[in-house]
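Comments concern the structure below.
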Amino acid sequence: MTTLCYADKTCAIGIHILLEEIGAPYDLRVVDFSTKEQKSPEYLAMNPKGKVPALIRDDGSVLTEFAAIATWLAMTNPEKKLMPTDPEGMARTLEALDFAVGTLHMLSWRLWRRPSAYVSDEEAQKEVQQRGRDAVLAGLEVVNDQLEGKEFLIGDFSIADPALYYVEYWAADVAGWPLPANVQAHFDRMKTRPSVQASRKQERVA
Ligand SMILES: N[C@@H](CCC(=O)N[C@@H](CS)C(=O)NCC(=O)O)C(=O)O
């Protein structure tokens, strides 16, 4: 059965939400970050990147990278309409998704969350964190404009929304930063979806 390798409250929750949206049976395999299980020989043998999310598919093959997993799930479950099929709609969906994962998460949030990955000096780490915070908040202002007059990033719910959702969760509930109005409304709207509620419950999000 399709198995999502995840750790609580990580970006993998976005894929968890998509599996709930699809509604087909799946398994969860928790990866214990507190013991660095993601870097264990067993995990690395399955996913040499040592990260979550990783999706083990029915044929045993492993798919990594949020955008790739989300796109594959959308394309293999077309009846769920998780991504438009016209070139413009598809490109706009991936544009919004990649901004959330590539820019807000990897290039911005990570500075705030893991400053020691960039510099050793503790004073310098504080500056790295500040830059990360500024970058996340500046990026969310861009998203705020994109959300004007829309319920979801590209109008209808798509694979881009769970990607934005996990960044919203980190920014608002982990870091305690204020979200711009349209982003806050999107975050609140996401939390009313049964898929989001189910994955939050499973991952013990308060
Ligand atoms: N580019 C990857 C990023 C995945 C990623 O950074 N995952 C984090 C959790 S949010 C992780 O597994 N971190 C564990 C580690 O770095 O040891 C993707 O899009 O899936």
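For ligands, and for the atoms within them, numbers begin at 1 and follow the listed sequence. For the numbers below, each heavy atom of this structure counts, side chains included, while hydrogens, waters and symmetry mates do not.
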Phe187 vs Leu164 side-chain heavy atoms within contact, under 4.5 Å | no

Ligand 1 N/O within reach of [X] N/O, cut-off under 3.5 Å:
X      : value
Ala67  : no
Glu65  : yes
Trp170 : no

The protein heavy atom nearest to atom 3 (C) of ligand 1 is Met106 SD, 3.8 Å

Provide, to 0.1 Å, the distance between atom 10 (S) of ligand 1 and the closest protein heavy atom, together with that atom's residue and name.
-> Cys11 SG, 3.0 Å

Say whether, by atom type as modelled, one donor and one acceptor occur between the side chain of Asp161 and the main chain of Leu153 under 3.5 angstrom.
-> yes

Quick one: does Gln38's side chain have a donor or acceptor within less than 3.5 Å of a partner on Lys51's backbone?
-> no

Can you check whether Trp170 and Trp177 have ring centres sitting under 6.0 Å from each other?
-> no

For Glu127 and Arg131, run salt bridge (charged side-chain N to carboxylate O under 4.0 Å, His left out): C-alpha distance rounded to whole Å, both residues' side-chain angles, the deciding distance at 0.1 Å, then the answer.
-> CA-CA 6 Å; Glu127 191 185 338; Arg131 289 188 187 190; 2.5 Å; yes

Give the intermediate values and the outcome of ring-ring contact (aromatic ring centres under 6.0 Å, His included) for residues Tyr165 and Phe152.
-> CA-CA 11 Å; Tyr165 163 79; Phe152 297 103; over 10 Å; no

Answer yes or no: is there an ion pair linking Glu88 with Arg92, defined by an N-O contact shorter than 4.0 Å?
-> yes

Short N-O contact, Glu20 and Arg193, less than 4.0 angstrom | no

Arg110, portion touching ligand 1 at heavy-atom distance under 4.0 Å | neither

When you look for heavy atoms under 4.0 Å from ligand 1, do you find them on the side chain of Lys49, its backbone, both, or neither?
-> neither

Taking the minimum heavy-atom distance to atom 5 (C) of ligand 1, which of Val52, Asp98, Val101, Leu97 ranks first?
-> Val52

Closest by any non-hydrogen atom to atom 17 (O) of ligand 1: pick that one out of Gln38, Lys51, Arg113.
-> Gln38

Taking 4.0 angstrom as the limit and counting only heavy atoms of [X], give me the atoms of ligand 1 inside it, by number and element.
X     : answer
Thr10 : 9 (C), 10 (S)
Phe66 : 18 (C), 19 (O), 20 (O)
Pro53 : 20 (O)

Is the closest heavy atom of Phe33 to ligand 1 under 4.0 Å?
-> yes

So among Lys80, Lys81, Met75, which one has a side-chain contact (heavy atoms from CB on, under 4.5 Å) with Asn77?
-> Lys80

